[in-house]
Amino acid sequence: MPQFAPLQNDTFLRALLRQPTDYTPVWLMRQAGRYLPEYRASRARAGSFLGLAKNPDFATEVTLQPIDRYPLDASILFSDILTVPDAMGLGLYFEEGEGPKFERTVRTEEDVAALRVPDMASLDYVFKAVTQIRTALNGRVPLIGFSGSPWTLACYMVEGQGSREFHTVKKMLYSRPDLMHRVLQTNADEVAQYLNAQIDAGAQAVMIFDSWGGALADGAYQAFSLQYMQKVLAQLQREKDGVRIPAIVFTKGGGLWLDEMAGIGADALGLDWTVNLGRARALVGDRVALQGNLDPAILFAAPDQVRVEVEKALASYGTPSAGHGHVFNLGHGISQFTPPESVTAMVEAVHDFSRRQRAA
């Protein structure tokens with residue numbers, strides 16, 4: 001196991017564990033990305049998105065770019081949520097302007113039977129990147145590892161690409177629930193193994209992105225998404241070298257199910273921008289910390305307006321008290337068209353206002 005520098009800023013981890021903090025920590029989903037000119041330059045040199053994601057040197061470079069530019073409180077591994085099904089042999093590729101696609105889909109009895117459980121060695125480029133990033137961070141802020149949720153991965157595996165309607169995967173869910181459960185169980189075991197390997201490589205917190213859980217009906221969400229995230233959490237190592245490794249679960253469009261989500265064993269729940277932070281806090285109480293949830297579109301406004309909206313969100317959550325924790329974030333990933341200076345205004349507003357909140 002590599003030796004890493006001691007952590008200088010543990011505010012993010014403390015907030016996830018519902019411990020007192022001097023201010024509200026902040027990071028952004030997709031904080032290393034196309035809105036930064038330095039990221040676009042790195043991607044041009046790498047030649048493609050996968051050229052960036054599968055090269056530990058490039059992955060390290062782009063992970064650190066937002067940390068070098070802004071006083072963020074956490075970094076997140078630069079990778080893709082679809083690395084696991086790619087390693088299962090489905091052939092991940094990207095078409096310019098169209099997002100991820102798979103060469104092979106999983107739709108029939110034969111497809112499910114042929115699903116190969118990937119050897120973690122085939123994902124070694126991810127684990128190498130984690131160790132390299134953690135080393136390069138030199139203790140500045142914690143490093144988050146992540147994966148897509150079993151259901152979200154299944155959506156891409158069955159549809160073969162992103163979808164608005166999810167007709168194919170929902171048809172399979174309702175007509176062959178037995179097949180769908182087999183896919184989801186395989187995915188849950190793989191995601192747990194994958195996240196544990198990231199923790200072994202140096203990740204200090206992990207996050208499960210359930211990007212498409214909100215596409216499910218009530219009842220189907222619990223059976224086909226929430227249950228399998230709980231299976232992942234049950235298999236995770238939650239401590240490494242005597243230090244707690246917090247786990248965050250984020251279902252986009254999942255505000256309806258926060259009460260149930262709070263009971264599956266996560267340390268924190270991510271919230272999208274449709275949820276009222278104060279009401280969410282009252283609902284989950286001291287069971288979990290919360291993360292979120294500024295509308296990413298607010299970052300297109302002037303800096304003064306950004307600050308007003310940040311303060312509204314922090315005021316809605318209220319001052320953290322014993323047993324409660326809040327990590328500021330967007331309600332989904334940052335847009336590629338966001339002006340970088342808007343992020344400066346947001347991060348400064350979070351730190352400044354949350355300190356004043358605690359001093360009041």
Side-chain angles (χ1 to χ4, degrees), residues 81-82 84-85 88 90 102 105-115 117-118 146-196 206-236 238 247-272 274-275 280 283-284 287-288 290-292 332:
I81 63 167
L82 300 179
V84 169
M88 288 174 164
L90 299 188
F102 283 114
T105 55
V106 178
R107 295 181 180 178
T108 65
E109 190 97 39
E110 294 71 34
D111 294 337
V112 175
L115 259 189
V117 174
F146 73 92
S147 173
S149 71
W151 164 254
T152 291
L153 298 184
C155 287
Y156 284 101
M157 292 160 71
V158 175
E159 297 283 348
Q161 59 187 5
S163 173
R164 289 183 191 278
E165 304 289 343
F166 301 98
H167 287 156
T168 313
V169 72
K170 286 190 175 187
K171 178 184 174 186
M172 182 172 168
L173 180 156
Y174 289 116
S175 61
R176 288 296 307 273
D178 58 318
L179 273 191
M180 181 54 72
H181 282 300
R182 273 161 56 195
V183 172
L184 291 168
Q185 185 62 60
T186 301
N187 286 357
D189 293 342
E190 286 315 309
V191 167
Q193 205 182 339
Y194 181 54
L195 290 175
N196 281 334
V206 291
M207 182 157 169
I208 300 170
F209 284 92
D210 187 32
S211 307
W212 303 125
L216 286 166
D218 185 53
Y221 172 75
Q222 290 84 340
F224 293 94
S225 183
L226 193 66
Q227 176 188 186
Y228 289 96
M229 290 193 287
Q230 186 164 18
K231 287 175 188 280
V232 172
L233 291 165
Q235 296 178 65
L236 286 187
R238 305 302 281 273
I248 310 162
V249 165
F250 172 59
T251 294
K252 184 168 185 285
L256 181 67
W257 304 300
L258 285 182
D259 192 36
E260 291 156 283
M261 290 169 72
I264 65 169
D267 295 286
L269 302 181
L271 307 175
D272 67 28
T274 64
V275 177
L283 182 68
V284 303
R287 290 179 289 165
V288 288
L290 296 175
Q291 178 176 280
H332 198 233

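What you are looking at is a predicted structure, and each value in this text was computed from that prediction instead of being measured. Atom set for the values below is all heavy atoms of this structure, side chains included, hydrogens, waters and symmetry mates excluded.
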>> Show, in sequence, the C-alpha distance, side-chain angles and deciding distance for V183 and L179, and conclude whether the side-chain contact (heavy atoms from CB on, under 4.5 Å) test is met.
In response: CA-CA 6 Å; V183 172; L179 273 191; 5.7 Å; no
>> Quick one, L195 with I208, criterion side-chain contact (heavy atoms from CB on, under 4.5 Å). Give me CA distance, side-chain angles, the key distance, then yes/no.
In response: CA-CA 9 Å; L195 290 175; I208 300 170; 4.1 Å; yes
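Judged by distance alone, the side chain of Q227 and the main-chain N or O of A223 form a donor-acceptor pair under 3.5 Å. The backbone N or O of G160 sits nowhere less than 3.5 Å from a side-chain atom of T105 that would complete a donor-acceptor pair. Checking side-chain atoms of N187 against main-chain N and O of G148 turns up no donor-acceptor pair under 3.5 Å. Distance alone, capped at 3.5 Å, places no donor-acceptor pair between the S225 side chain and the Y221 backbone.
Here the closest heavy-atom approach between residue A247 and residue L233 is recorded as CB-CD2, 3.7 Å. Annotation for L269 and I248: closest pair C-CG2, 4.5 Å, computed over non-hydrogen atoms. Taking all atoms of both residues into account, the shortest heavy-atom contact from P150 to V232 is CG-CG2, 3.8 Å. Heavy-atom minimum distance, V106 versus M172: O-SD, 4.0 Å. Between S149 and D210 the shortest heavy-atom distance is OG-OD1, 2.7 Å. Closest approach of V158 to V169, counting heavy atoms only: CG1-CA, 3.7 Å.
A heavy-atom distance below 4.5 Å is not found between the side chains of M229 and F250. Inter-residue side-chain proximity for E190 and L153 is flagged as unmet; no heavy-atom pair is nearer than 4.5 Å. Using a 4.5 Å cut-off on side-chain heavy atoms (C-beta onward), F102 and P85 make contact.
Within the structure, the ring pair (Phe, Tyr, Trp, His ring centres under 6.0 Å) test picks out the following pairs touching residues 159-184 (sequence neighbours left out): F166-W212, H181-F224, H181-Y228. Among residues at least two apart or in separate chains, there is no salt bridge (Lys or Arg N to Asp or Glu O under 4.0 Å) pair with a member in residues 150-170. Listed by first and then second residue, the salt bridge (Lys or Arg N to Asp or Glu O under 4.0 Å) pairs involving residues 252-267 are R238-D267, R244-D267, D259-R287 (not counting sequence neighbours).
A side-chain donor-acceptor contact under 3.5 Å links Q185 and D189.
Legend: residues meeting side chain to side chain donor-acceptor pair (under 3.5 Å) with D111, ordered by chain and number and at least two apart, are T108. Legend: residues meeting side chain to side chain donor-acceptor pair (under 3.5 Å) with S147, ordered by chain and number and at least two apart, are absent. Every residue two or more places apart in sequence or in another chain that forms a side chain to side chain donor-acceptor pair (under 3.5 Å) with D218 is listed here: Q222, W257.
Residues F146 and F209 place their aromatic rings such that the two centres sit under 6.0 Å apart.
Rounded to the nearest 0.5 angstrom, L173 CG and L184 CG are separated by 8.0 Å.
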